[in-house]
Every structure is written in structure tokens, then in C-alpha cells.
Amino acid sequence: SVKSLLIGVVAIFIFKAAVLSIFDYIGNVLNAKIGIEIRKDYYALTLNSNWNYLVNQKISHLDFALNADLNTTMGLLNKMYDSFINLTNFIAYAMTAFTLSFYVTSLTLAAGTAILYATKYMSGIMRSYAKKSGLLKRDMSHNLNETVLGLKAIKTTRSEEEAINI
């Protein structure tokens with residue numbers, strides 16, 4: 001009957017919401033633990049590196065790597081997790097859709113595939129801009145930190161007047 005069908009659909013969606021909430025919580029906990037471990041490893045590697053390596057490093061690159069790069073990496077990890085959840089949802093909905101109408105579902109999948117290949121080109125362009133943006137942010141951070149260190153040195157030596165008159 002219609003009533004039992006509606007009850008079944010509602011029960012399935014409630015079950016799905018509960019399962020997704022559990023997996024979302026697990027994903028967030030794992031993401032946080034991985035982020036902490038990577039930060040500790042980066043910091044330990046930096047502290048244990050030799051002086052010749054450190055002398056050649058730009059100021060703020062460690063900070064940038066620990067903050068911006070790691071946040072980007074963790075965001076990608078979240079996207080990978082979301083992709084897994086979306087793939088399982090897609091499989092469930094595709095099975096249902098093929099059961100209802102094979103012809104309409106096939107046409108929809110073909111259109112989706114065409115759109116996917118069209119956006120693949122655009123993602124390559126976006127990737128190159130993101131790479132350029134990351135390099136620019138690193139250089140800006142380095143220059144800003146060098147400037148601040150220079151200002152601190154001037155203030156420490158109380159040579160503001162000499163610096164102004166240069």
C-alpha cells in the first residue's frame with residue numbers, strides 16, 4: 001500500500017542520515033588526527049634539519065607549509081572523503097533509476113559524461129592559476145616577514161633616524 005511505501009521511504013532516509021552522520025564524525029576525527037600528526041612531523045623535521053639546509057630556506061616557508069599548504073591538503077582529504085560518500089550515493093540512486101527507466105537514465109548518464117569532460121578542461125586551467133597563486137602567496141609572506149624582521153632589528157638597535165635618512 002501507499003502508506004507502507006511512504007513509511008519505508010522515510011525510514012530509509014532516516015537510516016541514511018544516521019549512517020552519513022556517523023561517517024562524517026569519523027571522517028572529521030581522522031582528519032584532525034592526521035593534521036596534528038603532519039604538523040608534528042613537519043616541525044620535528046625542521047628542528048632536526050642541518051644548518052646548511054636552514055640557511056637556504058626563506059623566512060615563513062615553514063609557517064606557510066604548516067598553515068596554508070596543510071590546510072589545503074586537509075581540504076583535499078575532506079574532498080576525497082566526500083567523493084567516496086557521493087560515489088556510494090550515486091551507485092544507490094543509479095540502481096534505483098535504472099530500475100525505473102533504463103532509457104532515461106542512460107541518456108542522463110551520457111549527458112553527465114559530456115559535461116564532465118567539458119569541465120575537465122576548465123579544471124586544468126584552474127589548477128594552473130592555483131599553482132601561480134600559491135607561489136605568489138609564498139613570496140608575499142616571505143617578503144612581509146623579512147620586512148617585519150627588518151623593522152624589529154631597526155627598533156632593537158634604536159636606529160630609526162638612520163633608517164629614515166637612508
Side-chain angles (χ1 to χ4, degrees), residues 16-17 19-98 105-157 159-160 163-164 166:
K16 178 184 169 189
V19 170
L20 287 178
S21 295
I22 291 168
F23 280 121
D24 195 39
Y25 174 77
I26 292 170
N28 288 335
V29 168
L30 288 176
N31 197 0
K33 286 182 179 180
I34 290 170
I36 290 168
E37 290 301 316
I38 290 173
R39 280 186 174 90
K40 284 181 181 177
D41 290 345
Y42 266 38
Y43 196 61
L45 286 171
T46 302
L47 291 177
N48 293 325
S49 61
N50 64 23
W51 180 250
N52 293 330
Y53 173 76
L54 290 175
V55 167
N56 294 322
Q57 298 304 307
K58 290 185 176 180
I59 297 172
S60 79
H61 276 210
L62 175 64
D63 177 55
F64 199 86
L66 286 174
N67 292 318
D69 285 349
L70 188 61
N71 287 340
T72 302
T73 302
M74 299 315 292
L76 290 173
L77 188 63
N78 277 337
K79 295 291 182 192
M80 196 169 71
Y81 170 75
D82 289 343
S83 295
F84 174 73
I85 296 296
N86 288 336
L87 178 65
T88 57
N89 282 335
F90 171 76
I91 291 170
Y93 286 121
M95 289 173 42
T96 304
F98 275 119
T105 304
S106 297
L107 286 176
T108 305
L109 281 176
T113 302
I115 291 170
L116 180 68
Y117 279 112
T119 58
K120 185 177 181 182
Y121 170 73
M122 293 172 57
S123 69
I125 294 170
M126 290 171 51
R127 191 175 310 124
S128 69
Y129 282 127
K131 186 176 181 180
K132 289 177 187 176
S133 174
L135 292 173
L136 177 65
K137 287 177 184 176
R138 280 180 185 268
D139 287 341
M140 286 174 51
S141 178
H142 170 70
N143 291 333
L144 181 64
N145 283 332
E146 276 191 346
T147 302
V148 170
L149 283 176
L151 290 173
K152 286 181 178 180
I154 290 170
K155 288 297 226 179
T156 303
T157 59
S159 54
E160 294 93 337
I164 292 171
I166 290 179

Side chain to side chain contact (heavy atoms under 4.5 Å, CB included), that's the test. Do Leu109 and Phe98 meet it? Break it down for me. CA-CA 11 Å; Leu109 281 176; Phe98 275 119; 3.4 Å; yes

Distance in Å, [X] [atom1] paired with [Y] [atom2], rounded so as to fall on 0.5 Å steps:
{"X": "Lys16", "Y": "Ile85", "atom1": "NZ", "atom2": "CD1", "value": "9.5 Å"}
{"X": "Ser123", "Y": "Lys120", "atom1": "OG", "atom2": "NZ", "value": "8.0 Å"}
{"X": "Asn28", "Y": "Asp24", "atom1": "CG", "atom2": "CG", "value": "5.0 Å"}
{"X": "Asp82", "Y": "Leu87", "atom1": "CG", "atom2": "CG", "value": "12.5 Å"}

Kindly say whether Ile115 contributes a backbone atom to a donor-acceptor pair with the side chain of Thr119 at under 3.5 angstrom?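 Indeed, once roles are kept as given, a pair shorter than 3.5 Å links the two residues.
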
Has the side chain of Asn48 got a donor or acceptor atom that lies under 3.5 Å from a matching backbone atom of Ala44?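 Yes; judged by distance alone, with no hydrogens or angles, the pair exists.
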
A side-chain contact here means heavy atoms from C-beta on lying under 4.5 Å apart; do Met80 and Leu77 qualify?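 They are in contact (side-chain heavy atoms under 4.5 Å apart), so the answer is yes.
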
